[in-house]
Structure formats: C-alpha cells, structure tokens
Amino acid sequence: MMKFLTFRGGVHPHGYKEATADIKIEKADEPSVVYIPLQQHIGAPCKPLVKVGDRVTVGERIGEPQGFVSAAVHSSVSGTVKAINMIPNAPGGEVQAIVIESDGLNEVHSSIKPIGDFESLSSEEIINAIKEAGIVGMGGATFPTHVKLSIPPDKKVDTFILNGAECEPYLTSDHRLMLESPEDIVYGLRAMMKATNVETGYIGIEDNKPDAIKSMEKAAEKYPNIKVVSLKTKYPQGSEKQLIYSCTGREVPSGALPADAGAVVNNVATAAQVAKTLKTGMPLVERITTVTGSAIANPKNLSIKIGVPIKEIIEQCGGYSKTPGKIIMGGPMMGFAQHSDDVVIAKGASGILVFDEKEARIPKPEQCMRCGKCVEICPANLQPLKISAYSLKNMMEHAEKHRALDCIECGSCSFICPSKRPLLHSMRVAKRSIIAKKRKQSN
Amino acid sequence: MEGKLFVSSSPHIRDENTIQKVMLDVLIALLPATIGALYYFRTNGAKVILLTVLTAVVSELIFQKVTKRPVTINDLSAVVTGLLLALNLPASSPWWLPVLGAVIAIIIVKQFFGGIGHNFMNPALAARIMLMISYSGHMTSWVKPGPDAISGATPLSFIKGATEVPGNAPSLTDLLFGNIGGSLGETSAILLILGGIYLIYRGVISWEIPTVFIGTVAAITLVFGQFDIYYTIYHLLAGGLMIGAIYMATDYASAPVTPRGRIYFALGCGIITSIIRLFGGYPEGVGFSILLMNIAAPLIDKYTSPRVFGEVK
C-alpha cells in the first residue's frame, strides 16, 4: 500500500545514510572479553546471578530482573566471570557490569531450545518467552517489551504498529534488517499480535527506503491483516506518538500511553528478536548496530554481541580516520554523547556515530529573534521559545503552564533554530524540575 | 585514545540556517525594490539608502561597544533595518533625516529594549512614524520619480475621502511599476511582491501575515467603494501597503509567533489601515496599524497558543 502518511510539524535533516545503506550486515569479530551491563533497559537494574570465577555459557541468565519493569540479562559468550564492577553507561553515569572472559568456544547454555511456533503458544506463553529472553525496545528506547505487551485489561488495543521508519539520520541497521530478514520481522509481529490479541498490524517505513518497503510488502503479502505503510520522510516520523498518528490518525492523549489510543508500537528489530527467540530459544545477546560518521574509516552495519566495547568495534571499522570529536550512542538527533570510547554495546545501541572535531562543535547560541520556526515545526505543537525562556529564567510554573511536560524531546526545535538556541536542553531542565517538584508534592 | 571528546545533550546536528542567512534573504528580497528606487530616484535615492544603512550599522556598533555587549553587526539585521527605513523615506530628505531615523530605529527602538528579537515594535517603522510626526513637512514632500525631484502628491491623497478614483489620479500601470510619487520603496508594488514571493518560498516569512493583511484591506475597500474593483486595486497598489504587509508586519520580534496569532494580527493590521485610510486624518494608515498591532502581539500570542498534540479540552 503506497500512501504517504505523516504528522504535523517535524524537520528534514540531511539523511547521511548513503555510507551504510547498501552495506550488508556483517558479523563482528569474536570478542575476547565482554562487559555486560546489568541495566540495559528502562526500569530497575538487575541483580547479578553469578560470581567471580563462575563459568557461564551463551544465553545463560546472569542478571535477575528486579520488579515487573525490568529485563533479564544474559551472557553473550561462554567463558569465566572475571569481575563484577562499574563501567561507563551509555546514557550517562555508571552501571554495574559482569566482566566475562570468553573461552572462544561459544558453548550454548543447556536451557536454550526452540520455544515453538507461536500459533501453538498461548498469549501468556509468548509474553513469558519475551520476558525470559530479556527483550527490550531495540530502537533505542529500551523499554521492556513484555511490559508493553501486557496491556491492562481496562484498555482496548486494536492496532499493532511496527516502527521501521528509522527517521534518525545516519542509522541504517533497521533498513538492512528489513532487507535481509523481512520474514523474521513479520513472524515477530504476528507473534506479538497474537500475544496482545490484536487483529490489525502496520509496518511503518519512511519513503526514503523504497527497497525496504518492497521487501516488507513481499514478506507480508500472505497476511491481509498486516499493512506496510509508506510514511513521509520527516523527522521524528519514528516517534511513538507521531507514528501512531501517521498510521491511524489517532492522537495519544497528553500524559497517557499508546494503549489509550488503542495502539502498541514496537521496533522492527524488536520483532526480529522475538522471532529469533521463539524459533531458537536464544535470548537477546546480540544486536545490529550501524557504525558510521565522518571520523569512521569504513562505516558498517555490524551484528555485535552485547557487552563488546565500542573501541573494538570502531577498530573493526578501520579505526578513526580523523581525530574523533564526538562519539554518539544512537542517532544524531536523540543519541547520547559519550565521554570515552570505553562504553559497551547494550541492547539499545542502534548506532555508533563518530563525528570529527569540526562536526562535533555545536555553534554558539545567539539571541532569539522570535522567528517562530520552533513553533512551526514542533510535532507536539508546543512553543519551545517560550518554554525555553521561562526555563532559563527559572520560572518553572510558567514553563509548566506552557505544557513543557508534553515535550517528546525529539530535538527538532534545537535543530531548526537559526539562532542555535539550546531549546531542547533548557526544556529538559524544565521538565526534570517540574517532575521533581511534583514528586516532592506527592510525597 | 587521543584528543578530547565533545559532550553535549542531543540533538547533535543543527540546520545550516543562521540569523545572518535569514537577514541576507531579506536583503535579497529587497533588492528589486532597492534597484527600482535607485532607478526612479537616482542619486537622491542612493544618498538616502547609504545614509540610513551606514548610520544603522554604525549606531549598533557604537552602542554595543559602549555598553560592552557582543557586537552583532555581522548578523546583518542592522543593514535590514537601515534599508527598510530608507525605503520608507522620501527621496528629497535632507541628509540629517535618514541619519536621525536610523539612530532612533537602532538605538531607541532596537537596542534599548535588548537588541535583536526584543524590539516590541518594528524599528524602521517606529522611526518612520517618529520622523513623520516630528518633521511632517519633510516627510510628506514626496517627489515624483526622476532626477529632478519635483514634489507632488502621493497616489493615496488622490482618493482621500473619495469612494472612487478621480480621473487625475496616476494609472494602475504606473502604480504597479512604481512610476509614482512616494517614499523610495512604496513606489513599485510588483518589485515588492516579487521579493515577498521569494521570502515565502525561502521560508523566511509565512504566508499568513501578508496575505491576510492585504486581503483584509481589499475586502474592506471593496465594500466601501461599492464593489468598484478599480478603486480596490488602487488602494492595494498605492501607498505603503505592500512594503508594510510583506516586509514590516512580518518583523519577527514584533509579530506573534503562533500561526493563528499571525492571522489575527494581520487581520487587525488590515482593519486599522482601512479605517485610517477611509475615515482618519492621514491619507495612509499602514504604519500606524502595524505599530498598534505590534503592541497587541504579546496579548495575541497569549490567547492563540496552538492546541498541544494529544491535548484533551
């Protein structure tokens, strides 16, 4: 189905996807040591299940989730636990990690066996398999997938959307996956639709990837209840609320969840992982990551084991071609800048982006000239210039009145601003401050 | 690893647009009208343009040096203000009139209130109105195009108090191409519209303000002139409507930022312009209407916040 669907607002950053869009997914080299973070998801960190000196195997659970919103962590290699210590965390700060020295054998854990065809499984069994496999949103949000699929009984969900928009510039990992494993994606989607008891499925893909649209259409042609939707290429087309609107015309009410608009959204990579887990029993221990940017010698799409330091991955891509100025985990619009290349590949690592020193510099902000561009493009219909001004003056009540909490942090305002104002940055400050104050009041 | 990494919060890329590029686009848009002014008014026109632009830039430089603020003359906004002011002055101006106007525009209206983005009125327009009230003799001795500077009445004065265009008024073709009396930039409607189309195409201004402003004046004069199309077109092409609606009312700092607010703002400009032209003491009301609506802009903004995505009312 070729229909150009879209949402209001948004920006058109240059794609920069040429470097890796046509490069096949390659397996990264076997690591000698992996550092597996015990928190790679939104929610509570895991407790270690192993101690130093233990032998572990591929797919073995080494981190026990704490509470419902949490996701189990598994070993990606076979070998010996060398240490359990703190390592730099990609979204900031530090995270506890299990350091495993690989024996190079990749012995698979005895519990790993096919779970079975989803058609013979119940809804609970599918969700449980996803939970056991520690699957999280692999587009970068890392929200535990079993939580997303456990729809509260009072909500009526009738639409399942797979996000193949890949609206972030530079990234091509989902694009390649849609070309190389479209059947897995459709299988995962059908399994998750069964798990949530949903009849209608959409796969939303930006129209700058016609080959991926074709590939997915072919894989889904047998299933009339699954529609491949061609979306207008515009950032943030892959943002959950915008994607739901583009596909269904429904708005997620302010402050509510997608389920309140009758929809569940998951990434195509998550769907492929669900298929892999059901077919082989293997938990989430490996993912596809785009390694690119002006300072990477040979940009690639790599299938990388969880816990491999990005330094090693960059070396496999020919190393730095120029002095690196900025390393970003994820895409350039929403990714996290790193202070070293010691961080490791985690479940949400859709990209490793390395800029040279020139690109790394953010231009100096100048006075706001009130051009209103940020108001025109804000996908949430906010007035970033005002919220930002209130935030900078520490007038948080006013920022809240201008609905700072509805900001989806897509960064389109900071991107478009001719005066290079730190609009999103200051709105984040306002959001954190408002939320902190609310917590205080409710305590 | 060697070197230091730059760490900042997302987004990590920025659009290539800058204040300077926006202002450059405005200057490009004003180029046809400026060339038109030079063609019609020769050295008199050139003198006024040079004086205002130079004074505007130098005033900004001196003010920012004296107050120890970052010097921002490179962003070209002072050049734009200077040029817009020039296009609002008669070619017969004595040398001190453009100089005084530029000083008022830049220092009093723009810099006293905080510089770019903080002026609550359009600087060039505020300066024009101040000169108009203080030196109405100089400011209303409009000269007819040509090197000889023969003074004459502006096209609008022909229809003051009339509901139809008198026979001795300038022809529509002359209005369209600028072969009429008036300030440097209010002469040729077509050159101004050309620049306006460029600005909308480049995304520098949105269509709302010029279209609604001009549309409102058209609607009101059409009714007032008892559906005499000629009378309406005369109103649209004569005077400062084109330069006002396209270049002055669209000033970022002094117009609302919300799309709906811009429509109300332009509607207000159109209504006030028409009332002054049809019933007021002055033949022209574009300048006053924009300044009055500039003052109302923050209020309009306040009541026209767009509905937030997902907002339940």
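No hydrogens, no waters, no symmetry mates; every other heavy atom, side chains included, goes into these values. We name chains A, B, ... by the order of the sequence lines, and we start the count at 1 in each one.
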Intermediate values then yes/no, side chain to side chain contact (heavy atoms under 4.5 Å, CB included), Ser10(B) and Leu424(A): CA-CA 8 Å; Ser10(B) 67; Leu424(A) 172 56; 4.3 Å; yes
Derivation and outcome, side chain to side chain contact (heavy atoms under 4.5 Å, CB included), residues Glu311(B) and Asn381(A): CA-CA 10 Å; Glu311(B) 185 178 351; Asn381(A) 282 3; over 6 Å; no
Criterion side chain to side chain contact (heavy atoms under 4.5 Å, CB included) on Arg370(A) and Asp301(B), from CA distance to verdict: CA-CA 12 Å; Arg370(A) 281 177 45 93; Asp301(B) 257 347; 3.6 Å; yes
Stepwise side chain to side chain contact (heavy atoms under 4.5 Å, CB included) test for Asn17(B) and Ile416(A): CA-CA 8 Å; Asn17(B) 204 8; Ile416(A) 204 77; over 6 Å; no
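Under the side-chain contact (heavy atoms from CB on, under 4.5 Å) test applied with Ser8(B), the options Arg361(A), Lys326(A), His425(A) reduce to a single match, Lys326(A).
Val375(A) touches chain B through its side chain: at least one heavy atom from C-beta onward sits under 4.5 Å away, while N, CA, C and O do not. When heavy atoms are compared at a cutoff of 4.5 Å, Pro379(A) approaches chain B solely by way of its backbone atoms N, CA, C and O. Contact of Val22(B) with chain A is made through the side chain alone, with heavy-atom distances under 4.5 Å. For a residue to count as touching a neighbouring chain, one of its non-hydrogen atoms must lie under 4.5 Å from one of that chain's; by this rule Pro70(B) does not touch chain A. Gln20(B) does not touch chain A: none of its heavy atoms, backbone or side chain, sits under 4.5 Å away. In this structure, chain B has heavy atoms under 4.5 Å from both the backbone and the side chain of Pro332(A). Proximity to chain B is limited to the backbone of Gln338(A), based on heavy atoms less than 4.5 angstrom apart. Proximity to chain B (any heavy atom under 4.5 Å) is restricted, for Cys368(A), to the backbone atoms N, CA, C and O.
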Donor-acceptor contacts, no H, no angles, side chain residues 116-125 of chain B, under 3.5 Å, sequence neighbours left out:
{"unit_1": "Asn119(B)", "atom_1": "ND2", "unit_2": "Met121(B)", "atom_2": "O", "d": "2.9"}
{"unit_1": "Asn119(B)", "atom_1": "ND2", "unit_2": "Asp251(B)", "atom_2": "OD2", "d": "3.2"}
{"unit_1": "Asn122(B)", "atom_1": "OD1", "unit_2": "Ala124(B)", "atom_2": "N", "d": "3.1"}
{"unit_1": "Asn122(B)", "atom_1": "OD1", "unit_2": "Leu125(B)", "atom_2": "N", "d": "3.4"}
{"unit_1": "Asn122(B)", "atom_1": "ND2", "unit_2": "Met248(B)", "atom_2": "O", "d": "2.9"}

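If you take CD1 on Ile19(B) and NZ on Lys420(A), they are separated by 9.5 Å, rounding to the nearest 0.5 Å. Interatomic distance, CG of Leu385(A) versus OH of Tyr252(B), reported as 12.5 Å (0.5 Å rounding). In this structure, the separation between NE2 on His12(B) and CZ on Phe336(A) is 8.5 Å, given to the nearest 0.5 Å. With values rounded to the nearest 0.5 angstrom, Arg421(A) atom CZ is found 11.5 Å from Arg14(B) atom CZ. Taking CD from Glu357(A) and NZ from Lys4(B), the interatomic distance works out to 11.0 Å, rounded to the nearest 0.5 Å. With rounding to the nearest 0.5 angstrom, the OG atom of Ser305(B) is 5.5 Å from the NZ atom of Lys386(A).
No more than 12 heavy atoms of other residues, nucleotides or ligands sit less than 6.0 Å from atom CZ of Arg202(B). No more than 12 heavy atoms of other residues, nucleotides or ligands sit less than 6.0 Å from atom OH of Tyr245(A).
Remark: the backbone N or O of Pro418(A) is not paired with any side-chain donor or acceptor of Lys21(B) at under 3.5 angstrom. The backbone N or O of Ile13(B) lies less than 3.5 Å from no partner atom in the side chain of Glu359(A), so there is not a single donor-acceptor pair.
Salt-bridge formation is not detected for the pair Asp15(B)/Lys373(A): no Lys NZ or Arg NE/NH1/NH2 atom is positioned less than 4.0 Å from an Asp or Glu carboxylate oxygen.
Remark: aromatic rings of Phe309(B) and Phe7(A) are distant, center separation not under 6.0 Å.
Heavy-atom pairs under 4.5 Å with chain A peak, among Ile205(B), Val7(B), Val204(B), Val308(B), at Val308(B). When each of Gly331(A), Gly411(A), Gly255(A), Pro13(A) is scored by its heavy-atom pairs under 4.5 Å with chain B, the top score falls to Gly411(A). Chosen from Gly372(A), Pro422(A), Ser414(A), the residue pairing most often with chain B at heavy-atom distances under 4.5 Å is Ser414(A). Considering only heavy-atom pairs separated by less than 4.5 Å from chain B, the leading option among Pro363(A), Cys371(A), Gly92(A), Ser419(A) is Cys371(A). Options Val11(A), Ile328(A), Asp342(A), Val252(A) differ in how many heavy-atom pairs under 4.5 Å they form with chain B, and the most are formed by Ile328(A).
For the pair Ser9(B) and Arg428(A), the minimum side-chain heavy-atom distance is below 4.5 Å.
Between Gln367(A) and Gly114(B) the shortest heavy-atom distance is NE2-O, 3.0 Å.
Listed by chain and number, the residues in a side-chain hydrogen bond (donor to acceptor under 3.5 Å, both in side chains) with Ser388(A) are Ser426(A) (sequence neighbours excluded).
A donor-acceptor contact closer than 3.5 angstrom is absent between the side chains of Glu366(A) and Thr72(B).
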